[in-house]
Amino acid sequence: MLRQNTRLIACVGAFLAVAALVVGFAVGGTTTKLAPQPVAGELPGPPVNIDRPFVDGVAIDVGNAGPTVGFSAVLPRHSGNLIAGYVHASGTSREDQAIGLVYDNGTSRFDVIEDKTKMTQADLASLAGCDHSTGCVGDWTLVRLQDGTQALEISGPQTNGLIWLHGEHRFDVFGPAASFSVDAAVSASNDVENAIT
Amino acid sequence: MHDSLGRALWQVFARLRPIQLTLKLRLMVPGEVALRARSEQRRRDTFGRRLVRSRRRMLIALPVACAVAAAVGLSAVPAAQAACSTEYGVFWKMSTGTYGLAYGARNEIELKQHSIDSSCTSASYPVAETSHLRLGGVDGNWVEAGYEEDGSATPRYLAFAEWGLNYTTKSFNTRSYACLTAPSYERWEPVNAAGTYNWNTWLDCEDGAGWRLLFQYTSTGYARGIPMGEGSRYGDNSGITAVHQNLQWQDATNTWNYASGVSCYSDNDPTYSGSGVTASRFDIVTASGSC
């Protein structure tokens with residue numbers, strides 16, 4: 001009996017050793033081969049900077065943004081603390097102006113960008129779908145906000161967010177994927193949309 | 001039952017032995033511990049007391065092999081991931097004077113052979129130089145066209161174009177051209193299709209063949225952007241030095257205008273930085289520091 005148990009233990013040990021070798025090889029070896037490499041079709045976007053929504057951003061008192069951009073900022077009521085507000089640099093035409101808000105919800109910072117656009121719902125809908133074989137990254141899907149507004153949800157390795165249209169205004173809410181989940185993006189987007197209506 | 005199960009497991013183990021023998025060096029060491037233990041058991045199978053001792057050795061050796069194999073195997077992961085996945089980028093923007101956002105960006109970029117980090121495989125393209133716009137002036141929205149260089153000993157260059165929103169790539173396309181050989185200069189151009197939110201990307205190899213249409217992107221939601229030049233790389237020892245000259249931007253009348261100045265926009269590269277040379281040229285050079 002002792003001999004049988006010893007053999008069994010030895011065999012199980014051997015099997016575990018082989019399994020460990022195989023797993024070690026699979027994890028280590030595979031990762032070596034498939035470690036993130038800048039192969040064609042897998043280049044990421046620009047480095048993420050949630051605190052700087054605009055390239056040419058100028059900090060502004062959000063309450064006084066109207067004269068600069070031609071519309072008043074929509075402020076979500078329950079999404080966290082407003083950290084900063086930006087508009088494009090002086091000299092930017094009204095047509096190109098926008099308001100960029102940086103919020104902190106306690107878990108993550110995120111941006112709320114609002115501008116006027118001639119983009120149509122059809123334009124937005126046409127961006128749904130993501131063919132990874134053509135280099136598209138993440139998931140680009142159509143979802144509905146609580147009030148039924150159709151939005152484009154973009155979830156990628158770097159950010160999660162939603163873009164939608166309300167009249168002639170476009171809203172873009174997004175934050176770092178590591179701290180701003182898709183659910184958080186949907187929640188913040190609903191908060192923005194509800195603040196409009 | 002235990003005995004038959006044990007025998008079956010031994011058979012599986014024995015069949016896996018050839019696989020073990022083909023494993024690479026980092027896995028051979030723990031593998032040999034297990035195999036030696038097993039052969040020792042066979043040698044002493046006819047010597048009762050020693051059999052028990054050898055089995056004890058085996059019982060010690062196998063978990064050791066197990067732990068070492070797992071440790072060695074797993075320890076390779078962060079090392080592999082840390083190398084060619086590290087990305088750095090240098091972005092310099094053009095001044096359009098008082099015009100504001102531009103409808104296109106044109107950039108004549110030096111194509112040369114760069115050093116490539118040894119961790120980047122020949123299947124990867126760790127170096128890129130582009131003509132680039134941030135759509136709507138929003139930091140996370142962009143369209144660009146340029147070349148990328150692979151990690152093989154004799155480098156291959158691909159023309160590529162890309163665009164995306166919220167820092168997430170919507171499309172990325174590549175194409176090879178015989179004219180893309182080092183050393184040379186080419187002109188690269190993402191430009192808005194008038195009256196639309198569509199963008200076309202172009203390449204001029206300056207070989208007399210004119211502009212070659214690369215890829216077209218539709219319904220981006222933006223007709224204008226802030227024009228820039230970019231050099232990006234993966235791997236600590238990859239290089240991105242290059243001349244970016246004759247920087248131009250397009251206005252609403254489809255006229256190309258030379259940049260009235262260049263300035264650093266972002267630079268997270270510890271080894272390379274931009275250096276303004278003229279109002280419409282910056283060079284990416286070896287230099288520490290950011291903007």
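- To the nearest 0.5 Å, the span separating OH on B:Y99 from CG on A:D96 amounts to 8.5 Å.
- Most heavy-atom pairs under 4.5 Å with chain A, from the set B:N268, B:N173, B:L165, B:T218: that is B:L165.
- Residues B:T168 and A:W140 form a side-chain contact, since some pair of their non-hydrogen atoms from C-beta on lies under 4.5 Å apart.
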Go through the steps for A:M119 and B:S219 under the test side-chain contact (heavy atoms from CB on, under 4.5 Å), then give the verdict.
CA-CA 8 Å; A:M119 189 179 200; B:S219 300; 5.6 Å; no
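- Taking 4.5 Å as the limit, every side-chain heavy atom of B:I226 sits out of range of all side-chain heavy atoms of A:F54.
- With a 4.5 Å cut-off on non-hydrogen atoms, B:T96 does not touch chain A at all.
- The candidate from A:D172, A:D115, A:I50, A:L124 with the greatest count of non-hydrogen atom pairs under 4.5 Å with chain B is A:D172.
- The side-chain heavy atoms of A:N160 and B:N166, taken from C-beta on, include no pair separated by under 4.5 Å.
- In this structure a side-chain-to-backbone donor-acceptor pair under 3.5 Å is missing from B:Y167 to A:P176.
- Between A:P46 and B:E230 the shortest side-chain heavy-atom distance does not fall below 4.5 Å.
- Figure legend: cation-pi geometry between A:R170 and B:Y222, with NZ or CZ positioned under 6.0 Å from the six-membered ring centre and within 45° of its axis.
- Proximity to chain B is absent for every atom of A:S93, based on heavy atoms less than 4.5 angstrom apart.
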Using side-chain contact (heavy atoms from CB on, under 4.5 Å), reason through B:M228 and A:V55 one step at a time and then give a plain yes or no.
CA-CA 11 Å; B:M228 300 186 185; A:V55 171; 3.7 Å; yes
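- Once rounded to the nearest 0.5 Å, the distance linking CH2 of B:W163 with SG of A:C136 reads 9.0 Å.
- With a threshold of 4.5 angstrom between heavy atoms, A:I154 approaches chain B through side-chain atoms but not through N, CA, C or O.
- Separating the NZ atom in A:K118 from the OG1 atom in B:T196 is a distance of 12.5 Å, to the nearest 0.5 Å.
- Using a 4.5 Å cut-off between heavy atoms, A:P53 contacts chain B through its backbone alone, with no side-chain atom that close.
- Atom OH of residue B:Y265 and atom CG of residue A:D56 lie 8.5 Å apart, to the nearest 0.5 angstrom.
- Of all the listed residues (B:S232, B:G164, B:A223, B:G136), the one sharing the greatest number of non-hydrogen pairs under 4.5 Å with chain A is B:G136.
- Note on B:R224, B:K170, B:R134: by heavy-atom pairs under 4.5 Å with chain A, the leading option is B:K170.
- The distance from atom CD1 of A:I163 to atom CG of B:N141, rounded to the nearest 0.5 Å, is 6.5 Å.
- No side-chain heavy atom of B:F172 sits under 4.5 Å from any side-chain heavy atom of A:T134.
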